[in-house]
Every structure is written in C-alpha cells, then in structure tokens.
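In the text below, chain A, chain B and the rest are named by the order of the sequence lines, each starting its count at 1. Remember, predicted model here, so these are calculated numbers, not experimental data.
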Protein chains: 2
Amino acid sequence: MMKQNKAVNENHKKKSLNPKDWELATLEVIANQGVSAVAVETIAKVLGVTKGSFYWHFTNRKDLIVAALKRWRDEDNKIIKQRVLSVSDPYKRLKTWFLLSSEPLQSHLIYATLLADRQHSYVSKVLKEVTVERLKYLQQCYQDIGYSETQAKQQSLLAYSVYVGYLHMTKTLHGQFKHDTNVEQYVKHVAGQLIHPPESLSIELSPLNSDL
Amino acid sequence: MMKQNKAVNENHKKKSLNPKDWELATLEVIANQGVSAVAVETIAKVLGVTKGSFYWHFTNRKDLIVAALKRWRDEDNKIIKQRVLSVSDPYKRLKTWFLLSSEPLQSHLIYATLLADRQHSYVSKVLKEVTVERLKYLQQCYQDIGYSETQAKQQSLLAYSVYVGYLHMTKTLHGQFKHDTNVEQYVKHVAGQLIHPPESLSIELSPLNSDL
DNA sequence: GATTGTCAATACGCAAGCGTATGGAAAATT
DNA sequence: AATTTTCCATACGCTTGCGTATTGACAATC
C-alpha cells in the first residue's frame, strides 16, 4: 500500500490518488507555466502515475483545469475574508490588501498567468468573475472612506490596476517574485499615493489644470 | 507594388510577398491571439499562399516572430519619440503619455499579449528590454519635475504598473478596448493621482501614519 | 530562346498531446 | 473464498503543427 507520489518525494503511505491531488499539481503548473502548459501526461508523471489514472478521476483536460481553478478561487476567497475583510477600519483594510498583494503567494502567480491564458473561454470566465468580485470589495473600501460611488469605482479600478501591473512588472523585470525590502518600500510608496481621504481627490497641486 | 493579399481582401496586383507582409500579418495575430497562436500555415492562408512560400522568406517560426517583434518595437519607439518625448514640459509630457496609453493602438494590444506569452525566451527578452526602456523615460519625466532618483524610480514604476494593469483590465472586463468617454474620464482621474510635484509626496493626508 | 533565379504548391515525415480501449492488480465487499 | 469495485498501465488512433524535399511556374537575365 505504500506509495511514493502525490508530491514528488513524499514517501508517506497513500494507496491511491484523488482529484485534489491532481488539482493541486495542476495549480502548481498553472502558477509557474500557465494554463497552456497543463498536459495530462506531464502532470501524471509528476504524480508518479500515467494517463490511465487521470481519465479515471476526470473526464478530460478541461475538466481538470476548471476544477483546479475552482479550488484556487475558493482558497483565495478564504484568505481575503480572513485577512482583509475582517479589518473594520477601511484605511487599514486597504493597506492590508496592498500588503497582501505584494506577498509571494501562489495565488497571485496563478492570477497573473490566468491573465495570460485568457484565450480559453473557461479561463476568461473565471478571471472576469474573480476580478469583478475583487473590484467590488475594493470599491466598498473606498466608499467606506467616504468616496462617492463614481469616485470609488475609479479609484478601485486604479488600485487594482496597480496590483495587476505589479504582478507583471515583477515577473518581467526579475523573472521572479522578489519579496525584499525594496518591495516593502515600494508598497509603502504606492499606498501613500492611493490611500487617502476623498477630499484630497479634488486638490490639484500640479500645474496641469492650467495647461490641459 | 499593388497586390491582392496582405490584408484579406485587397484585390490589387502584387506579384509576390516579402518578409514585411509576413511580419505585419504576424503582428496582427499576436495582437489578437498572442504569440502561441502564430501558426505558419494559418498566416499563410491569410496571405493567400501556403507554407512553401513562408520557408522561402524565413528559416523557421521563431525567426518570423522575432522579426515581427523587432518591427513592432521600432514602430513603437517611433511613436513615443514623435508624440511624447518631443514635449518639453514634463507635466504635459506625462499627461501626453497617459493619454497615448489609453488609445486603442495595436501596439498596446501587442504589449499586453507579450506579457502573456513570456514563457518563450525570445519573447521575454524583448519584453524586458522594452519595459526597461519605457521605465527609463518615465523616470526621466519625474526627475524633470523635481523628483529624486529614488522617488522617480518608484513613481515611474507605479505609473507604468497602472498602464500595464489598465491594459489587462480593459481586456478582462470588456474583452475589448473601449475608447469611450468613460476611459477619458478615468485617464483624467489617474493622471490627477499620479502627476503632481514632488512636494506632495510627503504630504500624508490619510490617517495611515498614526496607524501603521 | 535558353538558362537561371525567384517565389510558391504539394507531399511527406515527425513529434506532441488528447482521448479511448482494454486489461490487470489490489482492495473492498459479500 | 469469490466477486466486485477501485485505481492504474499499456497500447492505440487521431489531430495539429513544424520543418523538409521536391517540383513547378513565372520572371529576369544572358
């Protein structure tokens, strides 16, 4: 009954695989190489089995990916609920979100690669839904601060764009996440720019008003 | 010089294709479906020929993509030089850049899809170089305003992240670019937040200071 | 007008990757 | 103990897409 799979080297006892094993391995692939890199035979090899196993647990490749993404989404929602939405003060809540966004979590990697592989309809569907969800609670934060609905919409879109952009920039520039002091300082800088009371929105300090 | 291919239906006369025709058609595919969707036989069909033609002009698929990306990069640089870098006032220059960034140009679509297909080394290479280039002149703008080098670095990274994020958000939310009045208003909002004199950086209006 | 060069069509080989069919071994059930 | 269920291996067929080889047509040049 002993086995040597599930992760590559975990010689625990486990007689057989379950869908969760496949989904977790799939998320690992998605996080690092994207949805298009999800190949059943490859993942099977990682799990120490062959295709025969896979098609017993899932009907096809798409089924696997959809299940994996569902798992990712649920997991992500759980984290947000626990660590962000639980903060009552909206300023602190926003700052917490920004800090969380800069943490090197697999969840972020997955989101970033989903942005890439959105040519698949089942990917873009999840992506859009998750994005809308996230924008919603960000908007709520800004409304809690005192922003009007319109202002909060724009500001949350801006804040979220920064998040998405940050994900890409770190990948593009380092090829990897680097969670060092520079990142911390940058997040502070960003938060300082994007978290402030609504009154400061109308305060235009730049000479742009007179020009454009 | 006239022809009947290049685009799908242009019944002009043209005896034969040249590399440029292939590169333009390739950029069209990249802009809409990404690098991984570049298939020689498909593009050949668009151009009204078969593979036989392709392998006369290029050695292989990678060769085509690299050439197409070079063309894209050169073209993009030309636009930036003409429309952005030519503006002497740094505030106006920044604002011009933001406005340009929201225009529905093919160049932006291509950049967005490159962010997706960066698993290919030859893509990530170009991507990184272009990104560094762009960050450089953005940083220069902020330094011209009076930002310190460190401040300008962070601020340009922030501004550029917004750009990248915006590209993705529009795709994710609408599936398409929508250059309407909403976009215009949003850009105004963003510019108001991200273009200001360096003194305002230290002005912390939010209650965050006392909390975190 | 014969030859050479340019550009493209057709046919083929080959690898990757999905899905199916079938059989087999171990475990659970009866 | 026999049988059924669970889980997986092996082998096969099929499609897509790259790259090559060969041939051909039209133009340019000699």
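Rounding to whole angstrom units, NZ of residue Lys51(A) and P of dG17(C) are separated by 11 Å. To the nearest angstrom, C1' of dG23(C) lies 16 Å from CH2 of Trp56(A). Spacing between atom CD of Glu41(B) and atom P of dT16(D) amounts to 11 Å, rounded to whole angstrom units. Atom CG of Asn18(B) is separated from atom P of dT6(C) by 15 Å (rounded to the nearest Å). Taking atom CG of residue Leu64(B) and atom C1' of nucleotide dG19(D), one finds them 14 Å apart after rounding to whole Å. His120(A) places its NE2 atom 14 Å from the C1' atom of dC18(C), with the value rounded to the nearest Å. Atom pair Phe58(A):CZ and dT20(C):P shows a separation of 15 Å (rounding to whole Å applied). When the C1' atom of dT10(D) is taken as reference, atom CZ of Phe54(A) falls 18 Å away, rounded to whole Å.
Look at His57(A) and you won't find any side-chain N or O under 4.0 angstrom from OP1 or OP2 of dT6(D).
Under a 4.0 Å N-O distance rule, the pair Glu129(A)/Lys125(A) qualifies as a salt bridge. Salt bridge absent: Lys78(A) and Asp74(A) never bring a charged side-chain N and a carboxylate O closer than 4.0 Å. Under the 4.0 Å criterion applied to side-chain N and carboxylate O atoms, Lys153(A) and Glu149(A) are assigned as salt-bridge partners.
Across dA9(D), dG19(C), dC18(D), the shortest atom-to-atom separation from the side chain of Arg61(B) is found for dC18(D). In the set dA9(D), dC18(D), dC12(D), the nucleotide with an atom closest to the side chain of Thr50(A) is dA9(D). Residue Ser16(B) places its side chain closer to dC7(C) than to any other of dC7(C), dG17(C), dC18(D). In the set dG19(D), dC12(D), dA9(C), dA9(C) carries the atom at the smallest distance from any side-chain atom of Val49(B). Candidate nucleotides dC18(C), dA8(C), dC8(D) were compared by shortest atom distance to the side chain of Tyr55(A), and dC18(C) ranks first. Checking dT10(D), dA8(C), dC18(C) against every side-chain atom of Leu17(B), the shortest atom distance belongs to dA8(C). For Asn60(A), taking side-chain heavy atoms from C-beta onward, the closest of the listed nucleotides dG19(D), dG19(C), dC8(D) is dG19(C).
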**Item:** Residues Tyr163(B), Tyr160(B); criterion ring pair (Phe, Tyr, Trp, His ring centres under 6.0 Å); working and verdict
**Value:** CA-CA 5 Å; Tyr163(B) 163 67; Tyr160(B) 197 75; 5.2 Å; yes
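A 4.5 Å side-chain heavy-atom check between Lys188(A) and Lys95(A) finds at least one atom pair inside the cut-off.
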